[in-house]
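What follows is a short report on a single structure.
Heavy-atom basis, side chains included; hydrogens, waters and symmetry copies ignored. Atoms within a ligand are numbered from 1 in the order they appear, just like the ligands themselves. Just so you know, these numbers come straight off a predicted model, no measurement behind them. One-based numbering along the sequence shown.
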Amino acid sequence: MKEKLTALIAEVEQFTAQKPEQVEEFRIKILGSKGILKDLFADFKNVPNEEKKEVGQLINQVKENAQAKIDALKAVFENAVNSTETIDLTKPAYPNEVGSRHPISLVKNEIIEIFSRIGFTVSEGPEIEDDWHNFSALNFPPEHPARDMQDTFFVESANGEMALRTHTSSVQVRIMENQKPPIRTLSPGRVYRNEAISARAHCFFHQIEGLYIAENVSFADLKQTLLYFAKEMFGEQTEIRLRPSYFPFTEPSAEVDVSCSVCNSKGCNVCKYSGFLEILGCGMVDPNVLENCGIDSKKYSGFAFGMGVERIAMLKYKINDLRLYSEGDVRFLNQFKGAL
Ligand code: PHE
């Protein structure tokens, strides 16, 4: 029995295989339910007691060595399969998808770039505002009907009632309170209004407001600044048109239209056959607002303007539904790949 076992251990030791099937045959032969080991265990009861210990150890050794050999050979065949798969150098590489900038960011950056060329800086402020910065400092007295122009979302907070800012004019108040003229700054940011969501209205959108305060700033300066912007943004042939309007914080106030670049002002469905498109509101900062913010209105004057970034992006990229901006549909977003 001992010789038989030693011979078996040598056989296990020498065994090698060319194919996985040979490993399986070997396993059945040695360890299988009708295998050699099974017979050995059956014969074990006939081994004289004084030899049982030694023979038992040899049987266990056969079992362990055979199992170790099988595991090692299996691993070799599995690795061989995997390695032929992973080193297929002819396989095309996975596409490395890079994202694209959102059209709102593209247009926002372009507007900031245009105004920074004539000395405007960028300023930011909180989206949750108090009544003073969103309304009162801007000449909206309490109960004034002009507050209804901006359908406001109010929020309760530890500091009392706050509002989601309805415009970034609130940032301009903060700048005027904290800086001395001359001031020349742009306030880009997200604003909120309680509107039913449709193709033409949303409960949040993005504004860029501009503010220029210095000595002797006139309405002519405002008009020239906006004409410069319109030409840079929509092309040299662009014309602007100012219509009288009303805002509590500017006097006089105007709404600004640009000539329709889609039809060259001939009339089309984008400009509703008027040849012009409204893009922003503007005016001379009301002296009350300057005084509210601690600026001497006898010495300084200024202008302000505000525009919706979504609207400018709609005109620039001919987008016909505001909801596309916030739905995150990659088919829409992928169209802006490569734009900077
Ligand atoms: N704050 C105004 C709005 O949101 C826009 C505006 C800004 C108008 C500055 C005039 C001057 O409607």
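Relative to atom 3 (C) of ligand 1, the option among Arg165, Arg193, Met307 with the closest non-hydrogen atom is Arg193. In the candidate list Glu209, Glu255, Met284, Glu209 is nearest to atom 7 (C) of ligand 1, counting heavy atoms.
Under a 4.0 Å criterion applied to the non-hydrogen atoms of Ala304, ligand 1 contributes the atoms 9 (C), 11 (C). For ligand 1, the atoms lying closer than 4.0 Å to a non-hydrogen atom of Ser169 are 1 (N). Short contacts between ligand 1 and Gly306, defined as distances under 4.0 Å to a heavy atom of the residue, involve ligand atoms 6 (C), 7 (C), 9 (C). Atoms of ligand 1 lying under 4.0 Å from any heavy atom of Phe249, numbered from 1 in the order shown and given with element: 1 (N), 2 (C), 6 (C), 7 (C), 8 (C), 9 (C), 10 (C), 11 (C).
With a 4.0 Å heavy-atom cut-off, ligand 1 is reached by the backbone of Phe305 but not by any atom from C-beta on. Contacts of Cys282 with ligand 1, taken as heavy-atom pairs under 4.0 Å, involve the backbone alone.
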- Message: With side chain to side chain donor-acceptor pair (under 3.5 Å) as the criterion, how do Ser245 and Glu255 come out once you've worked through the C-alpha distance, each side chain's angles and the decisive distance to 0.1 Å?
- Response: CA-CA 6 Å; Ser245 184; Glu255 248 148 344; 3.2 Å; yes
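Taking the six-membered ring where the residue is Trp, the centroids of Tyr317 and Phe336 are separated by under 6.0 Å. For Phe305 and Phe115, the gap between ring centers is short of 6.0 Å. Remark: aromatic rings of Phe249 and His167 are close, center separation under 6.0 Å.
Ligand 1 has no atom lying under 4.0 Å from any heavy atom of Phe303.
Side-chain contact between Glu278 and Met307 is absent, with no heavy-atom pair separated by less than 4.5 Å.
The side chain to side chain contact (heavy atoms under 4.5 Å, CB included) check on Ile128 picks up Val155, Met162, Leu164, with sequence neighbours excluded. Contacts of Thr121 classified as side chain to side chain contact (heavy atoms under 4.5 Å, CB included), with partners at least two apart in sequence or in another chain: Thr185.
Checking only distances, Gln207 does come within under 3.5 Å of ligand 1, N or O to N or O. The distance criterion of under 3.5 Å between nitrogen or oxygen atoms is not met by Thr250 with respect to ligand 1.
In this structure, the side chain of Glu209 engages the main chain of Ser169 through a donor-acceptor pair within 3.5 Å.
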